[in-house]
Number of protein chains: 2
Amino acid sequence: MPRTSASLSIGQVAERTGLSVHTLRFYEKEGLFANPVRRVGGHRVYGESDLEWLYLCTRLRASGMPLPAIREYAALVREGKVTVQARLALLRSHQERVTAQIEELQRCLALVSRKVALYEEQLADDGSDPLWTGSCLSEHERQV
Amino acid sequence: MPRTSASLSIGQVAERTGLSVHTLRFYEKEGLFANPVRRVGGHRVYGESDLEWLYLCTRLRASGMPLPAIREYAALVREGKVTVQARLALLRSHQERVTAQIEELQRCLALVSRKVALYEEQLADDGSDPLWTGSCLSEHERQV
DNA sequence: CTAGGACCTAGAGCCGGCTCTAGGGCAAGC
DNA sequence: GCTTGCCCTAGAGCCGGCTCTAGGTCCTAG
């Protein structure tokens with residue numbers, strides 16, 4: 001069983017994950033670790049698998065999963081194969097939330113892009129034909 | 001100039017925008033209003049254009065624009081046509097951030113979906129063929 | 001006249017997610 | 001032996017974005 005534990009210090013892990021040392025300790029305190037970090041003389045020692053787990057955590061965080069949910073997921077992982085269904089359910093619901101979020105963002109983006117286009121138009125008109133400047137276009141705050 | 005001011009109370013606006021009365025006052029205090037709300041006997045009075053502006057605000061918020069940025073945008077709108085370029089720049093940079101955010105979410109989603117698939121597989125195997133249960137698949141925390 | 005309801009202001013409180021401080025330990029190198 | 005540097009814990013602080021409270025005004029209906 002090649003558990004490949006390369007023995008990293010908290011500082012090294014911080015560097016590799018992009019998380020701060022503070023945040024790593026904070027995550028641990030918050031129960032985000034599936035395999036509670038081993039210690040040697042009080043110092044935390046991390047292995048490759050911790051890096052991977054942390055990477056997953058960063059992706060879950062980046063996609064808006066709250067810490068309590070990650071903690072729950074970590075707890076399930078810790079409990080082993082019997083929790084596979086629960087983990088599946090948890091990830092599926094996250095998947096749905098992310099999908100919805102992407103759609104929401106796309107709708108917002110469409111609106112923003114529309115306004116950008118209107119502003120571009122306005123600038124173009126403004127420059128090329130002084131006759132059509134001003135009042136007629138004044139605010140497109142409402143025709144969106 | 002049909003400025004179509006339908007005279008809405010703060011409560012009505014709250015209802016129509018989905019924002020709370022608290023939040024509306026808060027937004028005003030934060031300077032998110034281009035046309036600082038008119039008052040009659042101390043009470044705020046909103047018009048159609050305020051609804052549209054607020055709608056835009058909710059979309060900008062929903063796409064992660066921070067309040068200070070919206071405030072800035074509002075200030076530019078207030079200053080009129082001379083700020084069109086600045087507004088364009090502001091919206092364009094937001095557009096880019098949102099686009100990037102969508103891409104990020106899509107990458108996260110891909111990862112989550114991969115894990116969902118792995119869990120599904122694991123469940124399927126588990127049910128159909130007891131010989132292949134267990135240790136060989138135990139944790140895919142790392143091959144992601 | 002009084003009760004209800006919608007509104008007002010100013011300011012406190014809350015929540016999530018970090019981020020930092022204070023105060024200290026230990027090990028290696030000059 | 002002392003500095004440097006990385007680590008430790010416990011707990012405070014901060015930031016963004018609301019959300020709520022306290023205490024008050026004003027209008028309308030019963």
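Below, read A as the first sequence line, B as the second, and so on, with proteins coming before strands; counting in each chain starts at 1. Treat the numbers as computed from the prediction; the structure is a model and nothing was measured.
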Going 5' to 3' on DNA chain D, which nucleotide is the first and which the last to come under 4.0 Å of a heavy atom in chain B? dG17(D) to dT21(D)
Atom-to-atom span, CG of L24(B) to P of dA6(C) - whole angstrom: 16 Å
How many Å lie between NE2 on H43(A) and P on dG24(C), as a whole number? 17 Å
Sorted by position of nearest nucleotide on DNA chain C, 5' first, the leading residue of Y27(A) and G41(A) is Y27(A)
Between R25(B) and K29(B), which is nearer to the 5' end of DNA chain C once each is assigned its nearest nucleotide? R25(B)
Between NZ of K115(A) and CG of L90(B), what distance do you get to the nearest 0.5 Å? 12.0 Å
Step-by-step side-chain hydrogen bond (donor to acceptor under 3.5 Å, both in side chains) determination, S63(A) to H94(A): CA-CA 9 Å; S63(A) 50; H94(A) 184 58; 2.8 Å; yes
By a strict heavy-atom criterion of less than 4.0 Å, which residues belonging to residues 92-107 of chain B are in contact with DNA chain D? none
Please indicate whether Q106(B) has more than 12 foreign heavy atoms, meaning atoms of other residues, nucleotides or ligands, lying under 6.0 Å from its CD. yes
Other residues, nucleotides, ligands: >12 heavy atoms within 6.0 Å of E15(A) CD: no
Hey, does S9(A) reach any base, or is it just sugar-phosphate, or nothing, if we go heavy atoms under 4.0 Å? sugar-phosphate
Check step by step if salt bridge (Lys or Arg N to Asp or Glu O under 4.0 Å) holds for R87(A) and E79(A). CA-CA 11 Å; R87(A) 283 185 253 166; E79(A) 286 172 45; over 6 Å; no
Check for me, please, whether I10(B) and L51(B) land in the same ILVMFWY cluster - side-chain distances under 4.5 Å, paths through other members count. yes
Non-hydrogen side-chain atoms of V21(A) and R44(A) separated by less than 4.5 Å: no
Of H22(B) and P66(B), whose nearest nucleotide on DNA chain D comes first from the 5' end? P66(B)
Should the pair Y119(B) and Y73(A) be assigned to parallel (<30°), tilted (30 to 60°) or perpendicular (>60°) ring geometry? perpendicular
